Participant: 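I have a structure I would like to understand better, so I am pasting it below and will then ask my questions one at a time.
Read the numbers this way: they start at 1 and go in the same order the structure lists the ligands and their atoms. Note that the structure is predicted; figures quoted are calculated from it, not measured. Quick note: numbers below take in every heavy atom, side chains included, and nothing from hydrogens, waters or symmetry partners.
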Amino acid sequence: MNIQELDKEYVAGTYARYPVTITAGKGSLVTDIDGKDYIDMTSGIAVTSFGACDDVWYKAICEQAAKIQHMSNLFYTEPCAKLAEMLCKRTGMRKVFFSNSGAEANECAVKVARKYAADTKGPDYNTVITLKNSFHGRTITMLSATGQDHYHELFRPLTPGFVHAEANNLEYLKVLADAHKTAAIMIECIQGEGGVVPLDQEYVKGVAEFAHENDIALIVDEVQTGNGRSGKLYSYMNYGITPDIVSTAKGLAGGLPLGATLLGEKVKDTLKAGDHGSTFGGNPVACAGAVSILGRIDDELMAGVRRKSEFLFGAFTGAEGIEAVTGMGLMMGLKTTKPAKDVVNDCIANGVLCLTAKDRVRLLPALNIPDDLLAKAAEVIKSCAKN
Ligand SMILES: *Cc1c(COP(=O)(O)O)cnc(C)c1O
């Protein structure tokens, strides 16, 4: 059997994979088993922040793996402590809990918010308000948090305690918060899986003000939008707000599994020894990778992300077969006249890997994708979107 047949036979069929087997990559180019090169406009769904096998990242993780690859969280290790310091100094948040994925980072965020509310207002203050069209992960509880019914249907009963508010409607959110004993409001500033839809500036500001006035924890899910993707370190920084809790994962460790839940002043000591944990969370190799990534998400890189973003907006706006361009930084959604899936299949046949998000073509290239590759990819995508 070839790889694709083997996979179909033995790997659970939860992914509608494209018929491409990737064997290697360097930067923003990846190669398939037949030796065909592709420009990668996906970076593993916003994961490989500096592309495939980036030299600095590779050196950092190899050096750490040669020292020690894992220790239990009952002992101290250097990469974990250093990464937590970096995250706090760069954001103004105060403490970090490390896990392995976005869903887990969000689970921790909800645990912290519920415990804080129980400590300050009482245990019945446990409702978490999230938004319709949101995505927060695949665990049963994060499915409940996710405001899209089609993720729920097959897996009831869901975890209670989540209600979904219409995005960009502050009055509706206030009504919901009054109707329930609310512990937290959780938002993505740019709804990624929901079709790459940024929330309105005024709305996000209003939500943050309302949450702070009522001592409701504001959780921002930066799993996809974080770590430089939006043109700032975290997407909330484009909105001038200060969350109480920030969750992130995907791009943080540049291609190794790592989740982080950043805790602000108010909730920094809410969790005590024994309240939460993770066997792999804070793994030294993953954290060493993240230190090497985070250290290079600087003003110069962010200016590059914003410039590349403007280039893409310019290239796609008004192009034949492209009806709308949404997103921020290097997180972009294209509403195409043709079905998004057909456009993506065409792009792949023509050597450009893209994704979909709902009815959109979704682009998530590496933050340092070279300008010439970006221009080439944009030409291919435009010609595939044409009728
Ligand atoms: C991908 C994603 C998640 C889930 O992350 P996993 O690492 O797959 O658990 C949660 N929230 C958002 C916004 C995401 O994009």
Participant: Could you verify whether a donor N or O on one side chain and an acceptor N or O on the other, from T21 and Q4, lie under 3.5 Å apart?
Facilitator: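 T21 vs Q4: donor-acceptor pair found between side chains.
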Participant: Taking the side chain as everything from C-beta on, heavy atoms only, tell me whether Y38 gets closer than 4.5 Å to V352.
Facilitator: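 Y38 does not reach V352 side chain to side chain.
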Participant: Distance under 6.0 Å and angle within 45° of the ring axis: does R114 meet both against F162?
Facilitator: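 Satisfied, under 6.0 Å and within 45°.
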Participant: Any chance the side chains of D215 and Y116 put a donor and an acceptor closer than 3.5 Å?
Facilitator: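 Side-chain D/A pair, D215 to Y116: present.
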Participant: Only counting residues at least two apart or in another chain, list the ones meeting side-chain contact (heavy atoms from CB on, under 4.5 Å) with S247.
Facilitator: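 For S247, the residues satisfying side-chain contact (heavy atoms from CB on, under 4.5 Å) (neighbours in sequence not counted) are A105, N106, D221, V223.
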Participant: Does any donor atom in the side chain of T130 or H164 lie under 3.5 Å from an acceptor atom in the other side chain?
Facilitator: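 On atom types as modelled, these side chains qualify, holding a pair under 3.5 Å.
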Participant: Mind jotting down which protein residues get a heavy-atom contact under 4.0 Å with ligand 1? Chain and number order, please.
Facilitator: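 Ligand 1 is contacted, at a heavy-atom distance under 4.0 Å, by S101, G102, A103, N106, F135, H136, G137, E188, D221, V223, Q224, K250.
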